[in-house]
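The structure displayed is predicted, hence computed values, not measured ones.
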Amino acid sequence: MDQRIEHSYLLIRGLKLHIAHIGKGETATLLFVHGFPEVWYSWRHQMVAAAAAGFRAIAPDFPGYGLSEPPADLAQASWEGLMNDLLAILDSLSIPKVFLVAKDFGVKPAYDLALCYPDRVCGVVSLGVPPLVESLGFSELPEGFYIHRWKEPGRAEADFGRFDTRRILRTIYILFSKSEIPIAKQGQEIMDLADESTPMPQWFTEEDLSAYTNLYEKSGLMAAIQIPYRTKAVKAECANPRFQVPMFVIMGQKDYILKFPALKEYMSSEKLKEIAPDYEITYIPEGSHFVQEQFPDLVNRIMIDFVSKHV
């Protein structure tokens, strides 16, 4: 792990949450919001680049991820709670306004923060998911779709329980870096879609796998899957009907989520332009779901160009 990145803990809504941070720049602060199976480490390349460009970079672990404490009652975890965690982190660090950089399910609390508290947000860079006011559904995908499977109580527990943490994370990174949606056949579980002979992505090293494994051995995986897969994503009560801040989406052209029927329809609709009038998108041709780790230099340049333009 990069020794230049520092680590601290904040007491946020009664939980000890971990944040990674680097940079002393007063020009702007970037708050990085991870998805699954990610943690603060997923943003290591972007954090270092942001600091080198003169910005401050902060990446928290959500409750139950990495080095952050899990909620006492997972059933009480909520999407609104994640947004409030981000807001409380800003308040705790006396940061009036930030650029949000979010990925995967992390875009939901980031987008909600931008909609509900536009005075606290300078702009949003999102990876893999366009601006949304309400969540999209997955009803058109079959029963073996990984989200359907992991939503079912006990299913992921039984599937994951056959393997150690390292093997589980290795499999998820392999499956999520492909261009095909992870869908199990009848009689299969999601973890059966790759085995030890399946090679990892070239850009994902054994050192990276060890870093994720060490962090998830501390936090476990069951708290981590609660919010994205088992908590209903409802529209934020305070949400405005449209984004008032500039938005920039970085999309890997080989990201499997581009094959979600609801997303394909939404991205070609006029509704996207209506809710995000100041919105741009760029596609990275060979980019996968983990585009910020796969092509860090390119993503860093795009991200810093956007932030510099809107400081």
Peer 1: Might you point out which heavy atoms bring P63 and L15 nearest each other, and give the distance in Å?
Peer 2: CB-CD1, 3.9 Å
Peer 1: Does a side-chain heavy-atom distance below 4.5 Å link V107 with V33?
Peer 2: no
Peer 1: When you look at CD of E80, are more than 12 heavy atoms from neighbouring residues, nucleotides or ligands closer to it than 6.0 Å?
Peer 2: no
Peer 1: Other residues, nucleotides and ligands only: do more than 12 of their heavy atoms fall within 6.0 Å of NZ on K271?
Peer 2: no
Peer 1: Which atom pair, heavy atoms only, marks the closest approach of R162 to A158?
Peer 2: CG-O, 3.6 Å
Peer 1: Does the side chain of F160 come within less than 4.5 Å of M191's, by heavy atoms?
Peer 2: yes
Peer 1: To check you understand the geometry: which heavy-atom pair defines the closest contact between I257 and V129, and what is its length?
Peer 2: CD1-CG2, 4.1 Å
Peer 1: Specify whether H7 and W40 have parallel, tilted or perpendicular ring planes, treating 30° as the upper limit for parallel and 60° as the lower limit for perpendicular.
Peer 2: perpendicular
Peer 1: Using side-chain heavy atoms (C-beta onward) and a distance below 4.5 Å, is R13 in contact with N84?
Peer 2: yes
Peer 1: Which pair of heavy atoms, one from R149 and one from K185, lies closest together, and at what distance?
Peer 2: NH2-O, 3.7 Å
Peer 1: With a 4.5 Å heavy-atom cut-off, do F243 and I275 have their side chains touching?
Peer 2: yes
Peer 1: Tell me whether the centres of the aromatic rings in F62 and H34 are closer together than 6.0 Å.
Peer 2: yes
Peer 1: Taking atom types as modelled, is there a side-chain donor on Q294 or S288 under 3.5 Å from an acceptor on the other?
Peer 2: yes
Peer 1: How many angstroms lie between CD1 in I174 and CG in L169, if you round to the nearest 0.5 Å?
Peer 2: 11.0 Å
Peer 1: Show your working on salt bridge (Lys or Arg N to Asp or Glu O under 4.0 Å) between E189 and R155 and close with a plain yes or no.
Peer 2: CA-CA 9 Å; E189 296 298 333; R155 193 73 179 254; 2.9 Å; yes
Peer 1: Looking at L67, is its backbone amide N or carbonyl O close enough to the side chain of D61 to form a donor-acceptor pair, meaning the two atoms are under 3.5 Å apart?
Peer 2: yes
Peer 1: Would you say S68's side chain and G64's backbone share a donor-acceptor pair under 3.5 angstrom?
Peer 2: no
Peer 1: Examine distances only and state if a side-chain atom of S308 and a backbone atom of D305 form a donor-acceptor pair shorter than 3.5 Å.
Peer 2: no
Peer 1: Determine yes or no for a side-chain-to-main-chain donor-acceptor pair under 3.5 angstrom, with D112 supplying the side chain and L115 the backbone.
Peer 2: no
Peer 1: Measure the shortest side-chain to side-chain distance between P60 and L31 over non-hydrogen atoms and say whether it is less than 4.5 angstrom.
Peer 2: yes
Peer 1: Output yes when a side-chain donor or acceptor of Y283 lies under 3.5 Å from a complementary backbone atom of K254, and no otherwise.
Peer 2: no
Peer 1: I need the minimum non-hydrogen distance between V234 and K108, along with the two atoms involved.
Peer 2: O-NZ, 2.6 Å
Peer 1: How close do M303 and A50 get, heavy atom to heavy atom, and via which atoms?
Peer 2: CE-CB, 4.4 Å
Peer 1: Taking the six-membered ring for Trp, are the ring centroids of F145 and F260 within less than 6.0 Å of each other?
Peer 2: yes
Peer 1: How far apart are the C-alpha atoms of E274 and R242, what are their side-chain angles, what is the distance that settles it, and do they pass the salt bridge (Lys or Arg N to Asp or Glu O under 4.0 Å) test?
Peer 2: CA-CA 7 Å; E274 291 172 9; R242 66 175 59 195; over 6 Å; no
Peer 1: Is it the case that one hydrophobic cluster holds both L74 and L82, taking links as side-chain heavy atoms less than 4.5 Å apart, direct or via other members?
Peer 2: no
Peer 1: Looking at CH2 of W150 and NE2 of H148, how far apart are the two atoms once the value is rounded to the nearest 0.5 Å?
Peer 2: 13.5 Å
Peer 1: Hey, can you tell me if F176 and H289 have their rings parallel, tilted or perpendicular (30° and 60° cut-offs)?
Peer 2: perpendicular
Peer 1: Answer with yes or no whether the side chains of S42 and Y212 bring together a donor and an acceptor at under 3.5 Å.
Peer 2: yes
Peer 1: Look at E265 together with K259 and state whether they make a salt bridge at an N to O cut-off of under 4.0 Å.
Peer 2: no
Peer 1: When you measure from the side chain of R230 to the backbone of E152, do you find a donor-acceptor pair of N or O atoms at a distance under 3.5 Å?
Peer 2: yes
Peer 1: Does a side-chain heavy-atom distance below 4.5 Å link Q188 with L193?
Peer 2: yes
Peer 1: Using the six-membered ring wherever Trp is involved, compare the ring planes of Y146 and Y256 and label them parallel, tilted or perpendicular (cut-offs 30° and 60°).
Peer 2: perpendicular
Peer 1: Kindly confirm or rule out a cation-pi arrangement of K16 over Y9, judged by NZ or CZ under 6.0 Å from the six-membered ring centre and within 45° of its axis?
Peer 2: yes
Peer 1: Could you tell me whether the side chain of S179 and the main chain of D255 form a donor-acceptor pair under 3.5 Å?
Peer 2: no
Peer 1: For the residue pair H310 and F306, does the interplanar ring angle fall in the parallel (under 30°), tilted (30 to 60°) or perpendicular (over 60°) class?
Peer 2: tilted
Peer 1: If only atom types and distance count, is the side chain of R120 paired as donor or acceptor with the main-chain N or O of L87 below 3.5 Å?
Peer 2: no
Peer 1: Answer yes if the side chains of E293 and Q46 hold a donor-acceptor pair under 3.5 Å, and no otherwise.
Peer 2: no
Peer 1: Counting only heavy atoms not in K151, do more than 12 fall under 6.0 Å of its NZ?
Peer 2: no
Peer 1: Does the separation of the ring centres of Y173 and F290 fall below 6.0 angstrom?
Peer 2: yes
Peer 1: State, with a plain yes or no, whether a side-chain heavy atom of E206 is found less than 4.5 Å away from one of R166.
Peer 2: yes
Peer 1: Is a side-chain donor or acceptor of D91 paired with a backbone partner of A88 at a separation under 3.5 angstrom?
Peer 2: no
Peer 1: Between I281 and M267, is there a side-chain heavy-atom distance shorter than 4.5 Å?
Peer 2: yes
Peer 1: Can any side-chain N or O of D159 pair as donor or acceptor with the backbone N or O of I190 at less than 3.5 Å?
Peer 2: yes
Peer 1: When the ring centroid of Y229 is compared with that of F36, is the distance short of 6.0 Å?
Peer 2: yes
Peer 1: Using only heavy-atom distances, determine whether the side chains of D208 and T205 contain a donor-acceptor pair under 3.5 Å.
Peer 2: yes
Peer 1: Are L86 and L11 grouped together when hydrophobic residues (ILVMFWY) are joined by side-chain heavy atoms under 4.5 angstrom apart?
Peer 2: no
Peer 1: Measuring from I12:CD1 to E69:CD, what's the distance to the nearest 0.5 Å?
Peer 2: 11.5 Å
Peer 1: May I have the step-by-step check of side-chain contact (heavy atoms from CB on, under 4.5 Å) for F32 and I58, ending in yes or no?
Peer 2: CA-CA 6 Å; F32 292 87; I58 300 166; over 6 Å; no
Peer 1: Taking atom CD as the centre, does E217 end up with more than 12 heavy-atom neighbours from other residues, nucleotides or ligands that are less than 6.0 angstrom away?
Peer 2: yes
